[in-house]
Structures are given as structure tokens and as C-alpha cells.
2 protein chains.
Amino acid sequence: MEDLDRQIIELLSVDGRMSYTDLGRATGLSTSAVHQRVRRLEERGVIRGYRAIVDHDALGLPLTAFISVSPLDPAAPDDVPERLTGLGDLEACHSVAGVESYILKARVGSPGDLEDLLARVRAAANVSTRTTVVLSTPWEGRPVPPERRG
Amino acid sequence: MEDLDRQIIELLSVDGRMSYTDLGRATGLSTSAVHQRVRRLEERGVIRGYRAIVDHDALGLPLTAFISVSPLDPAAPDDVPERLTGLGDLEACHSVAGVESYILKARVGSPGDLEDLLARVRAAANVSTRTTVVLSTPWEGRPVPPERRG
DNA sequence: AATGAAAGGGGTCATTG
DNA sequence: CAATGACCCCTTTCATT
């Protein structure tokens with residue numbers, strides 16, 4: 001990973017809509033050179049896409065929760081992620097090393113919606129759940145800068 | 001929140017670099033109408049920014065972990081988030097209702113880096129930690145669609 | 001609040017070094 | 001792999017409704 005690529009990634013992590021012209025000015029490359037590098041980063045899967053960062057409160061989804069999941073039948077084949085896909089309200093699904101098997105991140109509108117979601121999760125994947133409600137989020141989604149080599 | 005705004009937000013959540021022209025085509029609005037709406041969504045703070053989504057493996061940060069944090073001195077003023085800001089490697093900090101006080105999300109390069117980070121977290125905020133290592137991430141950062149009204 | 005037009009700048013590609 | 005130049009499309013603004 002070249003230094004120029006890391007610079008470009010860092011800039012696009014902070015402002016995903018920055019123009020190739022501005023990226024060029026910031027990196028000392030021409031517009032088309034930057035464009036070429038970005039295309040290659042996208043093709044290689046280093047840059048996976050671009051997203052608008054949205055305020056969940058404004059969207060009517062003020063309640064965030066982490067749901068830890070344990071399969072009830074340890075003998076059953078583990079297809080929990082597949083069963084939870086398309087359930088809605090779930091932003092992430094991590095397989096973890098710990099007491100439980102998965103950690104889910106949920107965004108809902110109200111405690112009632114969370115109650116509904118938990119019922120749907122348990123039913124869809126045959127699991128028990130342990131839920132941790134988020135009270136506030138001092139910071140989130142902060143881009144972790146790419147590793148620098150000495 | 002109007003339906004057109006929700007449509008625009010959904011489109012920009014999936015492709016944060018979509019052009020105003022394409023947004024117009026997708027929503028049936030003129031380019032300038034879309035542009036005006038996006039500007040207002042940004043000004044109101046509904047759209048908080050745009051980010052490139054980056055593959056952490058490719059950046060040399062293949063190890064993700066959730067760190068649950070408990071203050072050692074419950075009498076001390078709670079400024080954990082401030083103390084952890086700028087520590088690096090931390091992507092998020094949530095204040096939570098549960099046995100522990102905070103959940104942190106970390107991205108590091110190796111178990112050794114995680115060990116270092118945990119020491120820094122404990123020292124900086126005077127806390128004990130409980131860490132859950134992520135083994136794999138079936139999905140993450142999936143945009144939760146804005147609430148639809150019946 | 002949306003439209004359409006006009007002016008300027010950026011994206012895109014082929015070519016060259 | 002980067003730079004240049006040309007062309008086209010998009011962005012941006014403004015007057016109009």
C-alpha cells in the first residue's frame with residue numbers, strides 16, 4: 001500500500017464526496033492520476049463504497065442497542081447471520097469469541113420496536129438474546145487512520 | 001420528514017457519491033430541486049457527512065474488538081469519553097445501560113496492538129476492561145432504512 | 001418549493017511521455 | 001504510472017412561476 005493511496009483513503013474517509021480535482025491538489029497529483037488510483041482502490045476492494053452519514057434521531061430511529069446472541073441448539077448448523085438478513089433494523093452482525101456467539105447492532109424507534117425486534121430475532125434464528133441499550137454515543141464511526149509504517 | 005427527502009437519504013446512504021443529476025432522475029425531480037433538498041438536509045444536520053467505506057483488512061487493521069469498560073473509581077467524575085478521545089484505534093464510544101458503563105469499538109493490526117491499546121485505555125481512563133474479539137463480520141454498516149409511515 | 005437555462009468547473013478518456 | 005488536452009456532463013446559481 002503506497003503512501004499516496006493511504007493519503008487518498010484518509011481524505012475520502014473524512015469527505016467521501018471530495019472531487020478528484022481537490023484530491024489531486026491535496027496529494028500533488030493530476031486529476032486523472034488520482035482518478036486512476038481511486039478506481040484501482042475500488043476494484044481491489046480497498047474502497048468498498050461511499051455512504052452518507054445520517055443522523056438517526058432525525059430519521060425517527062433514536063434508540064440503539066447491542067444484542068448478544070446465543071444459539072439454543074448448539075447441534076444445529078450455524079446459519080444465524082443468514083437467518084437474520086433481511087429482518088430489518090439490524091445494522092451489523094459480528095461473530096465473536098466470547099460467552100455468546102454473535103453481537104448485533106440495532107437501530108429502532110422505541111422500546112416497543114426493540115421488543116418486537118428481539119422477538120423476531122429469537123424466532124428467526126432460534127437463539128436467546130441479551131440486550132445492552134445505548135444511552136448516548138459520544139463518538140461513532142470515527143475513521144481509524146490507516147497504519148503508518150515507520 | 002417528507003417522502004422525497006427519505007428517498008434521497010436512502011439513495012445517498014447506499015451511494016454517497018451519486019450525482020445530483022442521477023438523484024433527480026431517481027426521484028423525478030429536477031437537478032436543482034434535488035440539490036436544494038440535499039443542501040437543506042445537510043444544513044439541518046440530517047445528513048452529517050459522507051465517508052468512503054474502507055476494507056480494514058487491506059489497511060492492515062484486520063482485528064476488530066469490542067471493549068466493555070467499567071470505571072474503577074465510581075466517585076470520580078465520569079469523563080471517560082474525553083479521556084479516550086485521541087487515543088487512536090478507537091472507532092466508537094457508546095455509553096450504555098448494563099453491567100459496564102461504556103462499549104468501545106477498536107480496530108487494530110494484531111493481538112499485540114490490542115494488548116497495547118487495552119493498557120492505554122486502562123491507564124488513560126482509570127477503568128477495568130472486558131474485551132470481546134470479533135472473529136468475522138457477516139455484515140456491518142448496513143444502512144437501516146428510514147422509518148416509513150403507514 | 002420546483003423549474004429551466006446559462007456559465008463555469010469537473011469528470012472521463014485517449015494519447016503521450 | 002503520471003500528465004496533458006479535449007469533450008462532455010455535471011454542478012451551481014439565478015430568474016421565473
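A, B, ... follow the sequence lines: proteins, then strands. Residue 1 opens every chain.
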Nearest to side-chain heavy atoms of B:Leu29, which nucleotide of D:dA3, C:dT3, C:dA1: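 The answer is C:dT3.
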
Closest-nucleotide mapping onto DNA chain C: is B:Ser30 or A:Arg25 further toward the 5' terminus? I mean the 5' end.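 With B:Ser30 and A:Arg25 compared, the 5'-side residue is B:Ser30.
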
Applying side-chain contact (heavy atoms from CB on, under 4.5 Å), run through A:Asp89 and A:Arg120 and close with a yes or a no. CA-CA 11 Å; A:Asp89 300 335; A:Arg120 282 185 284 134; 3.1 Å; yes

At under 4.0 Å between heavy atoms, what does A:Ala33 touch on the DNA or RNA strands: base, sugar-phosphate, or nothing?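 It contacts sugar-phosphate atoms only.
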
Could you list the donor-acceptor pairs under 3.5 angstrom formed between side-chain atoms of residues 27-34 of chain B and any protein atom two or more places apart in sequence or on another chain?
from, atom 1, to, atom 2, distance (Å)
B:Thr27, OG1, B:Leu23, O, 2.7
B:Thr27, OG1, B:Gly24, O, 3.4
B:Ser30, OG, B:Ala33, N, 3.3

Connected via hydrophobic side-chain network under 4.5 Å: A:Leu117 and A:Val133: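 Cluster IDs for A:Leu117 and A:Val133 match.
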
Per-nucleotide protein contact along nucleotides 11-17 of chain D, 5' to 3', at a 4.0 Å heavy-atom cut-off (B base, S sugar-phosphate only, - neither), is BBB----

How bent is the helix from C:dA1-D:dT17 to C:dG17-D:dC1, measuring the angle between the end axes built from five pairs each, rounded to 10°?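 Inter-axis angle at the termini of the helix from C:dA1-D:dT17 to C:dG17-D:dC1: 30°.
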
Spacing of B:Ile8 atom CD1 relative to C:dA2 atom C1', expressed in whole Å: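 Checked: the CD1 to C1' distance equals 12 Å.
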
Where the side chain of A:Arg17 meets the backbone of B:Met18, is there a donor-acceptor pair that is under 3.5 Å apart?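 Confirmed, A:Arg17 side chain pairs with B:Met18 backbone.
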
B:Glu42 CD: over 12 foreign heavy atoms closer than 6.0 Å: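 It does: B:Glu42 CD has more than 12 such atoms within range.
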
A:Glu140: salt bridge (Lys or Arg N to Asp or Glu O under 4.0 Å) partners, not counting sequence neighbours: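 Expected list: A:Lys105, A:Arg107.
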
Would you indicate, yes or no, if D:dA3 has its OP1 or OP2 atom less than 4.0 angstrom from a side-chain nitrogen or oxygen of A:Arg37?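 The answer is no; no side-chain N or O of A:Arg37 sits under 4.0 Å from OP1 or OP2.
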
For residues 67-77 of chain A, tabulate all N or O donor-acceptor pairs below 3.5 Å that involve a side-chain atom, not counting sequence neighbours.
from, atom 1, to, atom 2, distance (Å)
A:Ser68, OG, A:Arg130, NH2, 3.4
A:Asp73, OD1, A:Ala75, N, 2.9

State which residues pass ring-ring contact (aromatic ring centres under 6.0 Å, His included) with A:Tyr20; sequence neighbours excluded, sorted by chain then number.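 A:Tyr20 satisfies ring-ring contact (aromatic ring centres under 6.0 Å, His included) with A:His35 only.
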
